[in-house]
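Single-structure report; data block below.
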Amino acid sequence: YVCHEHVNFRLGIDGLIGFCKHVLHRDPQTGACFVFRNRAGTAARMLFYVEDGWWLCTKRFSEGRLNFWPKEGSQAMSTLAARDLAVLLWKGNPQGAKFPPFWKKLPITELPQTT
């Protein structure tokens, strides 16, 4: 999930967990990855829970700022595919990337019989 509004990066893990619960109305312990940006657009953070602990990852750009960040009307967040997140974290616009469709229908063939 990508949070549309910037967050205060002084919030640590506990503050972002509370933000997910009370502002985004999502349970952060589901294993989903939550992505945030700072006000200046010079850094992004990802928060996610794995089995027995929390990960908080920060990418601070040595040069430049985020050129694009998802925004959708009155919603507080949107979903983003992993490949789009990779483009976003390289300060690109995933909507401008020319990705192929996610799924291609393949012909169904039977598996060969083994003896």
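Sequential numbering from 1 along the given sequence is applied to the chain's residues.
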Query - CD/Glu5: more than 12 non-hydrogen atoms of other groups inside 6.0 Å - result: no
Query - Test item: Phe34 and Pro28 side chains (from C-beta on) under 4.5 Å apart, heavy atoms - result: yes
In residues 17-26, what donor-acceptor pairs under 3.5 Å come from side-chain atoms, sequence neighbours left out?
none

For residues 42-58, please give each side-chain donor-acceptor pair under 3.5 Å, one per line with the distance, not counting sequence neighbours.
residue : atom : partner : partner atom : Å
Thr42   : OG1  : Asn38   : ND2          : 2.9
Arg45   : NE   : Thr58   : OG1          : 2.8
Arg45   : NH1  : Phe9    : O            : 3.1
Arg45   : NH1  : Leu11   : O            : 3.0
Tyr49   : OH   : Glu51   : O            : 3.0

**Report entry** Residue list, side-chain contact (heavy atoms from CB on, under 4.5 Å) with Thr30, at least two apart or on another chain
**Finding:** Asp27, Ala32
Query raised in the report: If you round to the nearest 0.5 Å, how far is CZ of Arg65 from CZ of Arg37?
Result: 9.0 Å
**Report entry** Sequence-distant partners of Arg60, side-chain hydrogen bond (donor to acceptor under 3.5 Å, both in side chains), two or more places apart
**Finding:** none
